[in-house]
Amino acid sequence: MSDHAAADGATTILVLNGPNLGRLGRRQPEVYGSTTLADVEARLQRLAAELGVVVELRQTDAEHEMIGWVHAAADAGWPVVLNPGGWTHTSVALRDACVELSAGLVELHVSNVHAREDFRRHSYITPVATGVVAGLGVQGYELAVRFLAGRAGSVGGVGGVAPGA
Ligand SMILES: O=C1C[C@@](O)(C(=O)O)C[C@@H](O)[C@@H]1O
């Protein structure tokens, strides 16, 4: 996806999407809705301009690639919105990488994972996340970015102070 490098010192927020999320809009629309990931990115770029932050959205079906992106965010001190897709329920390795995200991590699910199959109720990521958004559809992405932008001290966020921060 697009590469919006921060040239002016603006906060960069990575929005990372795991397996099958490239199929948003076509995949089980009764569960995930009809909005595509490209639509989500367009909405987030408008929001980024409003908030004065840089948002970079990426998607991969390869776990090693996702873990590399998390390492890079940790090294850069960037906050992350992560929809881990199916890795939510399976990946100790992704959780271990996420532990290093000291600038904030919002775990995001388009669907309400707690109202679905039992296996979706357990997340390896939740214990190491700042917070979780689930079941608010793709609107959750905008809420999560607003929260992290506010937490980073940018204007317009809803989350100026995270509970316990
Ligand atoms: O791929 C996904 C998408 C998901 O993370 C969501 O956005 O609702 C929920 C996961 O259980 C599922 O495996």
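Remember, predicted model here, so these are calculated numbers, not experimental data. Note that ligands are numbered from 1 as they come in the structure, with each ligand's atoms numbered from 1 the same way. Computed over heavy atoms, backbone and side chain alike; hydrogens, waters and symmetry mates excluded.
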**Report entry** Residues in contact with ligand 1, criterion: heavy atom under 4.0 Å
**Finding:** Arg27, Tyr32, Asn83, Gly85, Gly86, His89, His109, Val110, Ser111, Val113, Arg120
Query raised in the report: With Arg95, which of Ile125, Thr90, Thr126 fulfils side chain to side chain contact (heavy atoms under 4.5 Å, CB included)?
Result: Ile125
Query raised in the report: For Gln139, does the CD atom sit with more than 12 other heavy atoms under 6.0 Å from it, leaving out its own atoms?
Result: no
Residues 14-22, side-chain donor-acceptor partners within the protein, below 3.5 Å, at least two apart:
from	atom 1	to	atom 2	distance (Å)
Asn17	OD1	Tyr141	OH	2.6
Asn17	ND2	Arg58	O	3.2

Query - Which atom of Gln59 lies closest to which atom of Trp69, heavy atoms considered - result: O-CH2, 3.6 Å
Query raised in the report: Between Arg146 and Glu50, is there a salt bridge with N-O shorter than 4.0 Å?
Result: yes
Report task. Can you label the angle between the His89 ring and the His109 ring as parallel, tilted or perpendicular, going by 30° and 60°? Result -> parallel
